[in-house]
Amino acid sequence: MGSNFNIIIPSIKLSEELKYTLNKLNKIKYKKFMVTIVLDKKISHKKPIYKFRLNVLVSKKTNMSAKRNLAVKTYN
């Protein structure tokens, strides 16, 4: 599946708000996109299955713009 664009979401943890956002994104009919979330630590539970491609990156504790830049560098 080729992705046309990537949504990057920097976050401290996998919060309820982030889960809500991912579930809302899953309801979009257009599926040729991926979502990259950048967290402070690795998530310990299994990732849910979505209709879009989900990438999880782990960074050290840093500011949100540095997390965003990490995701951009990783997928360019």
Side-chain angles (χ1 to χ4, degrees):
M1 173 178 135
S3 300
N4 289 342
F5 61 93
N6 185 4
I7 299 171
I8 298 171
I9 306 172
S11 183
I12 296 170
K13 62 181 181 173
L14 188 60
S15 64
E16 290 304 313
E17 292 85 4
L18 181 52
K19 290 177 190 176
Y20 176 82
T21 301
L22 294 172
N23 287 327
K24 286 296 187 180
L25 288 170
N26 200 44
K27 294 180 181 181
I28 295 174
K29 290 183 181 184
Y30 185 81
K31 299 298 174 206
K32 287 193 169 192
F33 66 95
M34 69 177 170
V35 176
T36 301
I37 56 176
V38 186
L39 305 173
D40 282 353
K41 0 179 202 181
K42 190 173 184 176
I43 53 177
S44 57
H45 55 281
K46 187 177 176 181
K47 290 189 299 188
I49 297 174
Y50 295 108
K51 295 176 185 173
F52 55 85
R53 186 171 152 201
L54 177 64
N55 301 306
V56 179
L57 297 176
V58 179
S59 71
K60 60 183 179 193
K61 288 187 179 185
T62 186
N63 62 42
M64 295 300 165
S65 59
K67 289 180 181 186
R68 179 202 60 225
N69 293 343
L70 171 68
V72 170
K73 287 177 187 175
T74 302
Y75 292 102
N76 271 341

Peer 1: Quick one: closest heavy-atom pair of Ala71 and Leu57, and the distance?
Peer 2: CA-CD1, 3.8 Å
Peer 1: If you look only at pairs with a residue in residues 7-19, which of them pass as a side-chain hydrogen bond (donor to acceptor under 3.5 Å, both in side chains), with sequence neighbours excluded?
Peer 2: Ser15-Glu17, Glu16-Lys19
Peer 1: Tyr30: which residues meet the side chain to side chain donor-acceptor pair (under 3.5 Å) condition with it, sequence neighbours left out?
Peer 2: Asn4
Peer 1: When you group the ILVMFWY residues by side-chain heavy-atom contacts below 4.5 Å and let the links chain together, are Phe5 and Val56 in the same group?
Peer 2: yes
Peer 1: What pair of heavy atoms forms the shortest contact from Val35 to Leu25, and how long is it?
Peer 2: CG2-CD1, 3.9 Å
Peer 1: Where do Leu39 and Leu18 land on the side-chain contact (heavy atoms from CB on, under 4.5 Å) test, with the steps shown first?
Peer 2: CA-CA 11 Å; Leu39 305 173; Leu18 181 52; 4.3 Å; yes
Peer 1: How many angstroms lie between CD1 in Ile7 and CG in Asn55, if you round to the nearest 0.5 Å?
Peer 2: 12.0 Å
Peer 1: Could you pull out all residues at least two apart from Asp40 that satisfy side chain to side chain donor-acceptor pair (under 3.5 Å)?
Peer 2: Lys67
Peer 1: Per the side chain to side chain donor-acceptor pair (under 3.5 Å) rule, which among Asn69, Thr62, Asn63 passes with Ser65?
Peer 2: Asn63
Peer 1: What residues, two or more places apart in sequence or in another chain, satisfy side-chain contact (heavy atoms from CB on, under 4.5 Å) together with Asn26?
Peer 2: Tyr50, Lys51, Phe52
Peer 1: Treat each ILVMFWY residue as a node, draw an edge where side-chain heavy atoms are under 4.5 Å apart, and state whether Ile43 and Ile37 are in one component.
Peer 2: yes
Peer 1: Is Met64 isolated, or which residues cluster with it under the ILVMFWY side-chain rule of less than 4.5 Å, directly or via members?
Peer 2: Ile12
Peer 1: Atom CG of Leu22 and atom NZ of Lys27: how far apart are they, to the nearest 0.5 Å?
Peer 2: 12.5 Å
